[in-house]
Every structure is written in structure tokens, then in C-alpha cells.
Amino acid sequence: MTGSSPDLPSLPSLRTLTGADVLRHIEGNRPECLEVVRRGYLTHERGDSTNPHSAFLRFPHRPTSRIISLPAYLGGEFEVAGIKWIASFPDNPTTRGIPRASATLVLNDTETGYPFVCMESSIVSATRTAASALLGAEALSGGRSARRVGVIGTGLIAGHVWKFLRDLDWKVGGFRLFDRDRSHAERFGRMLAEQGAEDVVVTDDVRDAFADCDLVVLTTVAGEPHIHDPGLLAHAPVVLHLSLRDLAPEMVLAAQNITDDVDHAVRENTSLHLAEKRTGNRDFINGTIAGVLNGDVAVDHDRPVIFSPFGLGVLDLAVGKWVHDRAVADGDGHDISDFFGEAVR
């Protein structure tokens, strides 16, 4: 006899969410997203998570390209497992006219192990990166204001950082923008001005993005340090080192250093890893951002502080689960009821 037995339980369905679906639930809800990231960090800090090291798939014929897998489990209010599979091909914009990064996020039910959603995740990834950056900026500076913000690298991530600054009502007196491609910085500057930013200046000298800026954001694709002068930190700024490899060890060693997970951040030749290689220890790392949030790590506001978040998979799960739950409530996405089907039995 062919066909399935009516006595067999039905298999789970799989929902798909496009980039447009994901963005629909992030736009206008960034303050809530920031709180989701905060709670994700604190859940991880309590040890209610599993966050293995990311795996880097590299190509011998494409040394600048890579695909990274970030598996994770996040418990507490989230209770979800999953994996982000994110590709970075820096030549895409110039040779193919498409974005550098592409990503998918699969979330799994922790009771059955079955995946219940597959979503476009470059937006999730950029959003959780920007949210963690602004969460760090607020915790390390003590508020939501900056006399001037320096931005080094004016691509996609910088744009998401700006959207959080805007939607969280940060008071910013001005911007100094640097990009190795000046046209990118000019385009970014026009966007800032059109959306109400004041005193937006594009500079050809990366040092100007530090000078008189009390918040500095690094969002480049640099593979090795290109900023070496510790004197740039003399005025004690908060530096959001999101791209992880811009700063030479002497810069790192001249500042207080906060990350999100020490074991994750001190590897793969990040600036923190290079500083460890130079000193032979990790004593220059003051603690984690969750430690700052819960009061276990104190910050000296008279000294520069560098926040170098590695980008934990648990944050992708937190934001992805939040987006999924909102999408289900609104009936968004496409539910594939027969994705697994009888063939898997």
C-alpha cells in the first residue's frame, strides 16, 4: 500500500522569511531590538548558552573571501538553537554590483531538533552588530549623546549603526567620515544630512575621524591593522571596533578593552589576538560588555575604551527568534507544510 498512514503524526512545517519580511519587523522597532540584544548578552553571561567557535571556510584561489558558520544555543526566555551561514566576498560590489555579504539563518526547535524557520540573515547580522555596538556605546559612555562621531568605513554596517543612533534618539553634534573610497564617504554623508544629521564632514585623513570625536566607529573590511598611533586616543574616546582588525597592538594596549566573549574575540588575528601575541597574556582585556551591564566591570571614563565585539552567534539567535515571533504573529513569511514530507520517515 502506498501513501502515508493517517495514524502517523504530522511533521513540522518550515517557515521562510525574506529580507523584506525581516526588515519590516526591524524598521520602527530598533529600541525593542536593542533590549533583545541586551537580554541575549546577559543570558549568555549567565552561562545559559552554547556558543562554539565560528568556523571559517576559506578558498585558496580567493584569499580575501570566506564563508563563516556560527552555530549556537541560547536558553532562558529564548530557548532556541540555530546556525548562521554568512559569506563575505569583498569583490562583489565592484565586479558584480551586488553586496559583499550574504547570509541565511536557520533556527531549530530544541525539543525535536527540527528547523522551524529559514530567514535571510544579512539584515539580522547587520542589525545585531549595530545593536550591540550602540548598547556598548551607551554602557561605556554613560548616555546617549556624543559631541562628535567619527566613522571609519562607510558601508552597510555603518548605515545600520546610524539607524540605531537615529531611532534611539542619540544627541550627536557632528560627524567626521573617512573611507578609503572618498565617494563612499560622500554618499554616506549625503544620506546623513538628508536624514537630519548636522555638521557632517568627509575627510581624507583617518586621523580626523578620531580628533575631537568622543565616539569612534570602525566598520571596515580591513584584514590587518592600519591605524597605529596611540596618540589618537589621548582625549579618551569610546571606540567601537566592529571590524576587529583595524587597530595595531599599540592602540589596543593604550586603552581599556571590552569585548563580548574573550575566547571568541582573541583569535583569527583580530587586533586583540595580535596584542595577546605581543604581550603573551590577556591582562589588557578588562572584561565583557555583559559584565559592564550587570555592574561587575567598572570603566574609567578618563581613559580611552575600545569595545571589540566578535559577534556572537547567540545574538543572531536572539534577534532572529524575535523577528520570527513577530512575523508569525503578523502572518508574514511563507509556511512550507510539506518541506520534510513522508520521504524523511
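One-based numbering along the sequence shown. The structure displayed is predicted, hence computed values, not measured ones.
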Q: Would you sort out whether Phe116 and His324 count as a ring pair (Phe, Tyr, Trp, His ring centres under 6.0 Å), showing the intermediate values?
A: CA-CA 10 Å; Phe116 59 87; His324 166 267; 4.8 Å; yes

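- In this structure, His264 and Phe310 have tilted ring planes: the angle between them lies in the 30° to 60° band.
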Q: Start with the C-alpha distance between Leu42 and Leu293, add both sets of side-chain angles, then the distance that settles side chain to side chain contact (heavy atoms under 4.5 Å, CB included), and finish with yes or no.
A: CA-CA 8 Å; Leu42 294 176; Leu293 293 172; 4.2 Å; yes

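- For the residue pair Asn257 and Phe284, the shortest heavy atom distance occurs at ND2-O, 3.3 Å.
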(Q) Please evaluate residues Leu177 and Thr203 with respect to the criterion side chain to side chain contact (heavy atoms under 4.5 Å, CB included), reporting the C-alpha separation (whole Å), side-chain torsions for both, the decisive distance (0.1 Å), and the verdict. (A) CA-CA 6 Å; Leu177 311 178; Thr203 176; 5.9 Å; no

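- Using a 4.0 Å cut-off between charged side-chain N and carboxylate O, Asp263 and Arg282 make a salt bridge.
- Between Glu250 and Arg278 a salt bridge is recorded (basic side-chain N to carboxylate O distance below 4.0 Å).
- Atom CG of Leu317 sits about 6.0 Å away from atom CG of Leu107, to the nearest 0.5 Å.
- With sequence neighbours excluded, no residue forms a ring pair (Phe, Tyr, Trp, His ring centres under 6.0 Å) with His44.
- One finds the CD atom of Gln256 at 5.0 Å from the CG atom of Asp300 (value rounded to the nearest 0.5 Å).
- By the 4.5 Å heavy-atom criterion applied to side chains, Val216 and Val238 are not counted as neighbours.
- In this model, a donor atom of one side chain and an acceptor atom of the other lie less than 3.5 Å apart for His25 and Asp332.
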Q: Begin from the C-alpha positions of Asp212 and His235 and carry the test side chain to side chain contact (heavy atoms under 4.5 Å, CB included) through to its verdict.
A: CA-CA 8 Å; Asp212 294 326; His235 59 297; 5.8 Å; no

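- No more than 12 heavy atoms of other residues, nucleotides or ligands sit less than 6.0 Å from atom CD of Glu111.
- Between Ala137 and Leu215, the shortest heavy-atom distance links the atoms CB-CD1, 4.0 Å.
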Q: Please test Thr288 against Glu45 for side-chain hydrogen bond (donor to acceptor under 3.5 Å, both in side chains), starting from the C-alpha separation and ending with a verdict.
A: CA-CA 9 Å; Thr288 66; Glu45 186 82 353; 3.3 Å; yes

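- A donor-acceptor pair under 3.5 Å links the side-chain atoms of Thr270 to the main chain of His273, judged by distance alone.
- We find the CZ-CD1 distance between Arg128 and Ile123 to be 14.0 Å, quoted to the nearest 0.5 Å.
- A single hydrophobic cluster is not seen to contain both Met251 and Leu242; linkage of ILVMFWY side chains at heavy-atom distances under 4.5 Å, directly or through other members, places them apart.
- Residues Arg267 and His53 form a side-chain contact, since some pair of their non-hydrogen atoms from C-beta on lies under 4.5 Å apart.
- Looking only at atom types and distance, the side chain of Ser13 has a donor-acceptor partner in the side chain of Asp335 under 3.5 Å away.
- Ile258 places a side-chain heavy atom less than 4.5 Å from the side chain of Val292.
- Linking ILVMFWY residues whenever their side-chain heavy atoms come closer than 4.5 Å, directly or via other members, leaves Ile306 and Leu312 in distinct clusters.
- With contacts defined as side-chain heavy-atom distances shorter than 4.5 Å, the pair Phe56/Ile67 does not qualify.
- Under the side chain to side chain contact (heavy atoms under 4.5 Å, CB included) rule, Thr220 has a single partner from Asp246, Leu244, Asp179, which is Asp246.
- Annotation for Val323 and Val22: closest pair CG1-CA, 4.1 Å, computed over non-hydrogen atoms.
- At least one side-chain heavy atom of Pro304 sits under 4.5 Å from a side-chain heavy atom of Pro237.
- Looking at every heavy atom in both residues, Thr219 comes nearest to Ala158 through OG1-CB, 3.5 Å.
- For an aromatic pair to be called close, the ring centres must be under 6.0 Å apart, and Phe59 with Phe89 satisfies this.
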Q: Check step by step if side chain to side chain contact (heavy atoms under 4.5 Å, CB included) holds for Asp260 and Ser132.
A: CA-CA 9 Å; Asp260 46 10; Ser132 68; 5.9 Å; no

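- Residue Val106 is tested with Pro71, Ser121, Pro115 for a side chain to side chain contact (heavy atoms under 4.5 Å, CB included); the sole match is Pro115.
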(Q) If you apply the rule side-chain hydrogen bond (donor to acceptor under 3.5 Å, both in side chains), what do you find for Ser125 with Lys84, and how did you get there? (A) CA-CA 9 Å; Ser125 187; Lys84 181 175 71 173; 2.8 Å; yes

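- Each of Leu274, Asn269, Leu247, Val252 was evaluated against Pro225; a single residue qualifies, Leu274, per the side chain to side chain contact (heavy atoms under 4.5 Å, CB included) test.
- Looking only at side-chain heavy atoms (C-beta outward), Thr43 and Val314 stay at 4.5 Å or farther from each other.
- At distances below 3.5 Å, not a single donor-acceptor pair connects side-chain atoms of Arg66 with backbone N or O atoms of Ile86.
- Counting only N and O atoms by type, the side chains of Arg100 and Ser88 include a donor and acceptor under 3.5 Å apart.
- Side-chain atoms of Glu79 and Thr110 form a donor-acceptor pair, as typed in the model, at a separation below 3.5 Å.
- Going from atom CZ of Arg39 over to atom CG of Leu315 covers 12.5 Å, rounded to the nearest 0.5 Å.
- One distance of note links CZ of Arg303 with CG of Leu233; it measures 10.0 Å at 0.5 Å rounding.
- Considering CG of Leu14 and CG of Asp338, their distance stands at 10.5 Å, rounded to 0.5 Å.
- Counting heavy atoms from C-beta on, the side chains of Arg15 and Leu17 come closer than 4.5 Å.
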Q.
Checking Arg38 against Glu77 for the salt bridge (charged side-chain N to carboxylate O under 4.0 Å, His left out) test, could you report, in this order, the C-alpha distance in whole Å, the side-chain angles of both residues, the deciding distance, and whether it holds?
A. CA-CA 12 Å; Arg38 181 194 304 273; Glu77 68 182 273; over 6 Å; no

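- Side-chain N/O atoms of Trp170 and Glu138 include no donor and acceptor closer than 3.5 Å.
- Contacts of Asp205 classified as side-chain hydrogen bond (donor to acceptor under 3.5 Å, both in side chains), with partners at least two apart in sequence or in another chain: Arg207.
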Result block: side-chain N/O donor-acceptor pairs under 3.5 angstrom for residues 189-198, not counting sequence neighbours:
unit_1	atom_1	unit_2	atom_2	d
Gln195	OE1	Trp162	NE1	2.9
Gln195	OE1	Arg166	NH1	2.6

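- No side-chain heavy atom of His226 sits under 4.5 Å from any side-chain heavy atom of Arg245.
- The two atoms that bring Val266 and Glu276 nearest to each other are CG1-OE1, 3.3 Å, heavy atoms only.
- Listed here is the closest heavy atom pair of Ser122 and Ala103: N-CB, 3.6 Å.
- No donor-acceptor pair under 3.5 Å is formed between the side chain of Thr50 and the backbone N or O of Ala72.
- Ion pairing between a basic and an acidic side chain is recognised when a charged N comes within 4.0 Å of a carboxylate O; Arg182 and Asp204 show such pairing.
- Remark: Arg326 CZ is packed, more than 12 non-hydrogen atoms of other residues, nucleotides or ligands lying under 6.0 Å away.
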